[in-house]
Amino acid sequence: MTSKPVTDQEKRKQISVRGIASLEGVADIKKSFNRHLHFTLVKDRNVATPRDYYFALANTVRDQLVGRWIRTQQYYYEKDPKRVYYLSLGFYMGRALQNTMLNLGIQSSCDEAMYQIGLGIEELEEMEEDAGLGNGGLGRLAACFLDSMATLGLAAYGYGIRYEYGIFNQKIREGWQVEEADDWLRYGNAWDKARPEYMIPVHFYGRVDHEDGDWSKPSKWSDTNVVFAMPYDTPTPGYGNNTVNTLRLYTAKSPNSFNLGVFNTGDYIQAVCDRNLAENISRVLYPNDNFFEGKELRLKQEYFVVCATVQDIIRRFKSSIFGCRDPVRTSLDAFPDKVAIQLNDTHPALAIPELMRLFVDVEKMPWERAWNIVRKTCAYTNHTVLPEALERWPVHLLERMLPRHLEIIYIITQSTWKMCPKMFPDDPDRLRRMSLVEEEGEKRINMAHLCIVGSHVVNGVAAIHSEIIRTSVFKDFVELAEKMGEKNKFQNKTNGITPRRWLLLCNPGLADLIAEKIGEDWPKNLDQLRELESFKDDAAFIRRVSQIKQENKMKLAQFINKQWGVKVDPSSMFDVQVKRIHEYKRQLMNALHIVVMYNRIKTDPNKDFVPRTVMVGGKAAPGYHTAKMIIKLINNIAHVVNNDPIVGDRLKVVYLENYRVSLAEKVIPAADLSEQISTAGTEASGTGNMKFMLNGALTIGTLDGANVEMAEEMNGENIFIFGLKVDEVEQLDKDGYNARSFYENVPELRTALDQISSGYFNPNEPDQFAHFVENLIKFDRFKLLADFQSYVECQDKVSAAYKDTYKWTQMCIANIAASGKFSSDRTIAEYARQIWGVEPQPNLKIPAPNEPLERAENTEGYKDF
Ligand SMILES: *Cc1c(COP(=O)(O)O)cnc(C)c1O
């Protein structure tokens, strides 16, 4: 390490994309900060802790949101545009402070104000807990979408659960993952606001009565258990447009009469204690990524959020200017013109039968009319084709917990398949394949099938994934849609990421340089990054891009040393794989490559070797044994490699403990190489891949998910593609895949596997990985052994390329310049136009709180939040 890197605080001052610090702005912030320290935190400078300072600043920034938030909601009430509802069981938001300052354009002022007070703003930012209310890509996508929906001026709402405990904190102890509870609300949350006035009852269990035995007629659901859903609203600001939308998260509250009512047993204390039982619904996020675990509490969570949300949507529709105009309720026919509901995977699928229940049982609507409204309102995003991830709820569970909903699902099944035999007379098996009710073994409801029939659009999340669902998993439904004349029912919406958090916020050095070259519009218009291509031979520019990467690497190296006491060489290649640990993502293949590199150094210590620091990070679901073994293995390999004097500085392995949004923001800007190595056909899209590309890392990857489109955006250059393609993987399965033959015929692979299985990396427990390796050679479900040779050869090309810093940096620039497509603004604009029927308003600017409102908007006050 030669020179100390410039701090981000210094860098942030250099351009105005983050707002320009004005004298008055800074003075106001200082005043407000001191006021909050005194009145809100009840502290003075002698006793205040860094956390107090964080909360004082967070409250100062929050104050700036409030007027914009109220005005935005007021504006929606006045204009009454179509509302978009994004329903998700996870919102992986990360930290809010810096993002809020950035989107409000007050970052520079806040930096300067803290500086003048004598505080380092970065240290305060580090005090904020991540809002880790998601598992991985799916939850983070929801968070990026909220940012883009606000930035595009859409009247959008996120709806989900306010888990008391988010994704667990991962500790690594003796190489093993250990989970700790994520008590993220312990010190309070500066950003959300309880809204008890919008509390909503949610019913479970009970029985159903029918008027004349007809399930499709209004029915009565009674003798239920009731839990209240208490909403907490979090503001989600757009970038530089004064729009502030709402993320409404529900927490479970027992009714005050809980257990004290009719069956009063006299045990008052026990009754009060038992309130916890009902409130457990929102206690904790289920930590599985891409895996279905049919637990009763999880089903309760899914219905809980859906039920509260759908009621809230209908309430807002009715109380809207449009809804009030039509008191005879024929207006519900206009529901799909005013409401779009997007289901983030099948997790909120019960929204479909819940809407039907409210329309038929409560609004007394005829079945067919209700069904048409529901289908026009809902749309479903599929996130995976892995069979173990698909939700298939046992009928007996639904029957007990949600008896009316099960009946409704049965009627949907019946009425939908009436037409099927007529349309496909030669295919009697089709009904069984397409049924919502799976009859083999334990009876189950296939939630994907429910979502498909109950939605007007179904989308995949990358071109290749959408093609796979069209031609294989949902093929029968595509054919049915064709027969019914539903032309654009199956669509693609390639995922994206918000360039505000994933470049402007996390990589200020690069953001500044880009702004200097192409202006300050790119955070709203990421396609403009193409203009960087004209600098691809500009030696001075190339040097600066390389310098910025170097600074980011030095900063990360310091962090790694401080956190985990590992010294890494910032001039080595930072080779990074960060994502949830899953067999299909093939962290194990990465580990085997590390062993190959280690063996090569050991065999011929004097041979030229391009130094690497391999970093792997990610959480394993607590019940996923194989994933936990992979973590242990990587840590064991790290221990041997890092302590071998022959290896020295040439190879280091770091396990990035507790990978989460705020750690991603530190790691990704410092990466040279991004590992996106899933088996072709398994990773639906990936979004981590996009974050790395935008930050000037090169990708080594398979033709899977959005990697395919990343390569396309660069005409197949500047990316390291290897391995089997989707059709080749399928062919291998048809021909009968023999993993062992690869083990036997690839010498470096065989050596590595033999070492692992014989205890080379764990001499204390030499048998630890024997079964693990044995299973891999026998089954290898994800074709790791088949792809290994191709992977290692590709890695060799990466190493060769890294030797030429100039050319490597040119490739990095080509990546950045081609990453515009992967802005979630583009993704959201496509959802808006092609699914929701609303037009993005990128130029909309709601008047700021210090600006006058138009007359009509000023008189009413805000009616609705
Ligand atoms: C982006 C992101 C993910 C998703 O990464 P993939 O590589 O697409 O699986 C997971 N976790 C966090 C914290 C992220 O920021």
Side-chain angles (χ1 to χ4, degrees), residues 88 90-95 99 129-148 166-170 182 184 285 287-291 344-345 383-384 386 389 461-462 464-465 494-503 505-507 575-587 590 615-621 627 656-671 673-679 682-695 697 699-702 704-710 819 822-824 827:
S88 180
F91 287 89
Y92 206 167
M93 303 296 286
R95 292 174 177 156
N99 187 249
E129 300 274 347
D130 278 37
L133 309 185
N135 272 295
L138 179 146
R140 184 53 233 177
L141 185 76
C144 284
F145 280 5
L146 292 179
D147 187 84
S148 285
I167 185 65
F168 62 86
N169 281 311
Q170 178 194 55
D182 168 43
W184 70 295
L285 170 79
N288 301 318
D289 186 63
N290 277 300
F291 185 76
N344 196 20
D345 211 314
H383 283 271
T384 180
L386 291 181
V461 288
I464 191 174
H465 165 67
T494 300
N495 280 168
I497 55 171
T498 168
R500 274 73 66 182
R501 183 176 295 265
W502 297 114
L503 180 53
L505 180 152
C506 70
N507 199 343
D575 170 350
V576 184
Q577 186 176 25
V578 280
K579 48 182 77 245
R580 288 299 294 259
I581 309 296
H582 211 296
E583 285 162 279
Y584 83 84
K585 293 172 185 276
R586 299 200 292 194
Q587 281 93 354
N590 190 352
M615 307 180 194
V616 181
K619 293 171 185 176
L656 300 170
E657 185 185 64
N658 204 24
Y659 179 63
R660 61 201 187 281
V661 173
S662 59
L663 186 55
E665 290 163 8
K666 296 180 174 75
V667 171
I668 291 169
L673 184 65
S674 158
E675 300 263 357
Q676 306 298 335
I677 58 178
S678 53
T679 317
T682 63
E683 188 74 272
S685 164
T687 49
N689 46 3
M690 302 166 185
K691 299 169 197 165
F692 283 98
M693 184 187 191
L694 180 61
N695 283 277
T699 299
I700 182 165
T702 48
D704 198 19
N707 298 353
V708 176
E709 290 157 79
M710 287 163 49
S819 62
F822 305 105
S823 167
S824 46
T827 312

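What you see is a predicted model, and the numbers here were worked out from it, not measured in a lab. Numbers here are sequence positions counted from 1. Indexing begins at 1, ligand by ligand and atom by atom, following the structure's order.
Residue contact check: G137 has heavy atoms under 4.0 Å from atoms 3 (C), 4 (C), 10 (C) of ligand 1. For ligand 1, the atoms lying closer than 4.0 Å to a non-hydrogen atom of T687 are 1 (C), 4 (C), 8 (O). Here is the list of ligand 1 atoms found below 4.0 Å of a heavy atom in G686: 8 (O). Residue K585 has at least one heavy-atom neighbour below 4.0 Å for each of these atoms of ligand 1: 9 (O).
Geometric assessment of K619 against the ring of F168 yields a positive cation-pi assignment under the 6.0 Å and 45° thresholds.
Checking only distances, R140 never comes within under 3.5 Å of ligand 1, N or O to N or O. The N/O atoms of G688, backbone and side chain alike, include one that comes under 3.5 Å of an N/O atom in ligand 1. For the pair W502 and ligand 1, the shortest N or O to N or O distance does not fall below 3.5 Å. The N/O atoms of R660, backbone and side chain alike, include none that comes under 3.5 Å of an N/O atom in ligand 1.
Residues Q676 and N707 bring no donor and acceptor atom of their side chains to less than 3.5 Å of each other.
Of all the heavy atoms in Q170 and N658, the pair that sits closest is OE1-N, 2.8 Å.
Between M615 and D575 there is no side-chain heavy-atom pair separated by less than 4.5 Å.
Using a non-hydrogen distance threshold of 4.0 Å, R580 does not register as a contact of ligand 1.
With salt bridges taken as basic N to acidic carboxylate O contacts below 4.0 Å, one links D147 and R500.
Summary of contacts: the protein heavy atom closest to atom 1 (C) of ligand 1 is K691 NZ, 1.3 Å.
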